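Values in this document were obtained by computation on a predicted structure and should not be read as measured data.
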Amino acid sequence: MANRSTDGVDEIEQAWRRERPGTPVASIGVLTRIRRIGKLIEDDRRRTLAQHGIDAATLDLLSTLRRAGRPYRLSPGQIARRALVSAGAISQRVARAEREGLVERMRTGPDGRSVQVTLTPAGPALVERTVDNLLRREEALLAPLSDSERAQLARLLRRLLAGLTG
């Protein structure tokens with residue numbers, strides 16, 4: 001378990017303090033680490049997903065449908081709201097997953113103008129395999145933190161996120 005008293009982020013903060021006395025640099029210690037951690041996690045996630053032959057956008061689509069529960073069906077608008085992406089991005093994701101045989105679009109409603117997206121049998125199978133392995137890998141990334149540290153970090157990040165979005 002690495003436990004350094006200083007790191008490269010501290011060096012950046014110290015250099016700015018030296019070169020620009022009086023410049024507010026306290027955010028560097030938090031936000032630069034969040035950005036660096038985010039990049040490392042995204043790179044690791046991309047590699048893990050590539051091993052399963054799926055990209056993050058497709059997994060997000062399939063996971064959103066899977067978490068909806070049986071019959072694993074949502075409208076494109078519902079998917080966009082739950083996935084926090086634009087309707088255009090959902091349309092592209094659905095088209096790609098449909099070509100791969102993971103989802104299908106179904107016309108619904110009295111006039112057949114409404115569309116629902118549903119998982120095909122191949123969709124949940126891929127989600128189950130991928131999510132289990134991905135979450136095990138991400139659990140390993142948190143190994144340097146104790147359970148209480150993880151809970152504390154989750155609380156702090158929740159508060160920060162709420163402050164940025166609410």
>> For V115 versus P76, what's the shortest heavy-atom pair and its separation?
In response: O-CD, 3.3 Å
>> With a 4.5 Å cut-off on side-chain heavy-atom distances among I, L, V, M, F, W and Y, is there a chain of contacts connecting V30 to L164?
In response: yes
>> Using salt bridge (Lys or Arg N to Asp or Glu O under 4.0 Å), reason through R17 and D10 one step at a time and then give a plain yes or no.
In response: CA-CA 11 Å; R17 284 187 199 282; D10 293 315; over 6 Å; no
> Less than 4.5 Å apart, any side-chain heavy atom of R137 and any of R45?
Replying inline: no
> Any ion pair linking D43 and R47 (charged N to carboxylate O, less than 4.0 Å)?
Replying inline: no
> Looking only at heavy atoms, what is the nearest atom pair of G8 and R36, with distance?
Replying inline: C-NH1, 4.2 Å
> Out of L119, L62, L65, which one pairs with P124 under the side-chain contact (heavy atoms from CB on, under 4.5 Å) rule?
Replying inline: L119
> If you group Ile, Leu, Val, Met, Phe, Trp and Tyr by side-chain heavy-atom gaps below 4.5 Å, do L156 and L161 land in one group?
Replying inline: no
> To the nearest 0.5 Å, what is the distance between CD1 (I28) and CD1 (I12)?
Replying inline: 7.0 Å
> Measuring from R73:CZ to Q78:CD, what's the distance to the nearest 0.5 Å?
Replying inline: 11.5 Å
> Of the non-hydrogen atoms in D55 and A57, which two are nearest, and what is the gap between them?
Replying inline: OD1-N, 3.0 Å
>> What I want to check is whether the side chains of R66 and S63 have a donor and an acceptor closer together than 3.5 Å.
In response: no
> Looking only at heavy atoms, what is the nearest atom pair of E13 and A26, with distance?
Replying inline: OE2-CA, 4.2 Å
>> Tell me whether T118 contacts the main-chain N or O of E104 through its side chain, where contact means a donor paired with an acceptor under 3.5 Å.
In response: no
> If you measure from CZ on R105 to OG on S75, what distance do you get to the nearest 0.5 Å?
Replying inline: 13.0 Å
> Which is it for T32 and R35 under the side chain to side chain donor-acceptor pair (under 3.5 Å) test, yes or no, and what are the steps along the way?
Replying inline: CA-CA 5 Å; T32 300; R35 280 191 294 277; 3.3 Å; yes
> Would a distance-only check, ignoring hydrogens and angles, find a side-chain to backbone donor-acceptor pair under 3.5 Å from R33 to G29?
Replying inline: yes
>> Go through it in stages, so that I can follow the logic: the residues are L160 and I34, the test is side-chain contact (heavy atoms from CB on, under 4.5 Å), and I'd like the CA-CA distance, side-chain angles, deciding distance and then a yes or no.
In response: CA-CA 11 Å; L160 178 59; I34 288 173; 4.0 Å; yes
> Ignoring hydrogens and geometry, is there a side-chain-to-backbone donor-acceptor pair from T120 to G101 under 3.5 Å?
Replying inline: yes
>> Does this structure show an ion pair linking R82 with D60, if we count only N-O contacts that are shorter than 4.0 Å?
In response: no
> When rounded to the nearest 0.5 angstrom, what distance separates CD1 in I41 from CG in L141?
Replying inline: 6.5 Å
> Taking T58 as the fixed residue, which of L49, L102, V94, L126 is the one that meets the side-chain contact (heavy atoms from CB on, under 4.5 Å) rule?
Replying inline: L102
> What are the two closest non-hydrogen atoms of I90 and A83, and how far apart are they?
Replying inline: CD1-CB, 4.5 Å
> Is there a chain of hydrophobic side chains (I, L, V, M, F, W, Y, each step under 4.5 Å between heavy atoms) that links W16 to V9?
Replying inline: yes
> Can R150 and E139 be counted as an ion pair, charged N to O under 4.0 angstrom?
Replying inline: yes
> When rounded to the nearest 0.5 angstrom, what distance separates CG in L153 from CZ in R158?
Replying inline: 10.5 Å
> Shortest non-hydrogen contact from R136 to N133?
Replying inline: NH2-OD1, 3.0 Å
>> Using 0.5 Å steps for rounding, measure from the CG atom of L134 to the OG1 atom of T48.
In response: 6.0 Å
> Would you call I79 and R93 a side-chain contact if the rule is heavy atoms closer than 4.5 Å?
Replying inline: no
